[in-house]
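I have placed the structure first, in the form of structure tokens, so that the comments after it can refer back to it.
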Amino acid sequence: MAILVCGGAGYVGSHCLEALIAAGYDCIVADNLSRGHRQAVGLAPLYVGDIADAAFLDRIFTENRVEAVLHFAASSQVGESMQNPILYYENNLSATVSLIKGMLRHGVKKIVFSSSAAVYGEPEALPILEDSPKAPTNPYGETKLAMERFMHWCDVAYGLKYISLRYFNAAGASPAGLIGEDHTPETHLIPLVLWAAQGKRDKVSIYGEDYPTSDGTCIRDYIHTSDLAEAHRLALQRLLAGGASDIFNLGSEQGLSVREIIETAREVTGVQFPVQTAPRRPGDPAVLIASNRKAREVLGWVPRHSDARSILSSAWAWHLSHPDGFGE
Ligand code: UDP
């Protein structure tokens with residue numbers, strides 16, 4: 001029996017794929033390679049195509065005995081979603097409808113889903129709990145929430161069992177050194193900071209130093225891809241054992257400011273790269289911190305690699321060994 005990893009060539013998907021294979025699961029990957037990288041899947045069988053394509057899905061489900069699906073395939077840039085909501089409703093929501101229709105046509109009823117802290121929007125209280133108010137502030141978060149609600153109704157109607165994992169800020173790279181973060185365009189703080197340390201950029205812009213936080217910069221909850229991968233393994237195990245549908249936050253509960261990330265990056269890399277203050281980025285909340293209590297209590301998940309040093313040193317090792325990312 002195989003596990004189908006949709007979007008397994010992407011950043012979080014490839015890290016979870018690597019961990020599932022290491023844990024002994026037989027995995028196959030579906031990815032359209034629009035943002036993912038062929039090299040990121042290693043030796044796992046790769047079907048290149050789109051989950052919106054029913055014939056493509058039928059071929060995968062016919063050629064393999066799929067037991068469960070991990071679904072990472074989505075567009076994930078907040079700014080792009082504001083410019084092009086149609087792309088996000090198509091690529092995220094419509095494609096997920098197609099995927100679940102395909103699963104149900106072939107009797108596959110278990111799915112671990114990649115959700116996001118973006119479903120909450122600007123938090124009213126911290127830390128953020130799974131049942132905190134959901135008020136997405138962009139089409140990206142809106143489509144993640146819509147996909148969760150869709151899966152809920154598919155459980156009610158068809159008995160689909162889903163575990164939705166709401167990531168906070170995914171960061172870091174696999175300790176094996178073969179995969180890491182490689183987005184085009186890159187908008188995330190940590191890779192941009194490390195590019196500055198490598199001299200690929202001349203400086204880092206800090207988007208706002210006048211937030212109501214201890215050092216004036218935004219605070220985020222960074223979670224290492226190794227910890228995300230372990231949560232996916234536990235969620236999959238739970239569904240395969242007959243567990244019910246559920247939703248979990250995946251964060252470390254440790255807030256780190258933009259300044260703290262920069263200082264840790266300077267320590268880890270030994271490079272005093274320049275920084276400049278830039279205007280706030282529209283839509284950035286001052287502080288986002290998860291409660292991960294439910295994932296600890298129900299899944300038995302313990303994040304072990306999500307301190308600033310572990311995140312930055314693993315990401316730095318990836319950047320040093322792959323200065324041009326996957327080079328694709
Ligand atoms: N950020 C920054 N400079 C950059 C990129 C990001 O100051 O060049 C800040 C951003 O405003 C946010 C934090 O770093 O407060 C994390 O941003 P990122 O885009 O990595 O993740 P997000 O929290 O938006 O998902």
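Order of appearance sets the numbers: ligands from 1, and atoms from 1 within every ligand. Nothing here was measured: the structure is a model prediction, and the numbers come from that model.
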Using the ring of each side chain (for Trp, its six-membered ring), is Y11 parallel, tilted or perpendicular to H15, with breaks at 30° and 60°?
->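 If you compare the ring of Y11 with that of H15, the planes turn out perpendicular.
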
How are the rings of Y47 and F56 set to each other: parallel, tilted or perpendicular (split at 30° and 60°)?
->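 Judged by the thresholds at 30° and 60°, the geometry between Y47 and F56 is perpendicular.
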
Which protein residues have a heavy atom under 4.0 Å from ligand 1?
->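 For ligand 1, the contacting residues are N169, T187, H188, L189, L192, S205, I206, Y207, C218, R220, Y222, V258, R281, D284.
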
Can you name the one residue among K144, Q83, E142, E80 that meets side chain to side chain donor-acceptor pair (under 3.5 Å) with Y88?
->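 Of the listed options, the one satisfying the test is E80.
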
Shared ILVMFWY cluster between F168 and V12, side chains joined below 4.5 angstrom?
->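 Shared cluster, no.
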
Does NZ or CZ of R266 fall inside the cone over F273's six-membered ring, less than 6.0 Å from its centre and within 45° of the axis?
->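 Here R266 passes the 6.0 Å and 45° test against F273.
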
NZ/NE/NH1/NH2 to OD/OE distance under 4.0 Å, E148 and R166 =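 Here E148 pairs with R166 in a salt bridge, since their nearest N and O are under 4.0 Å apart.
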
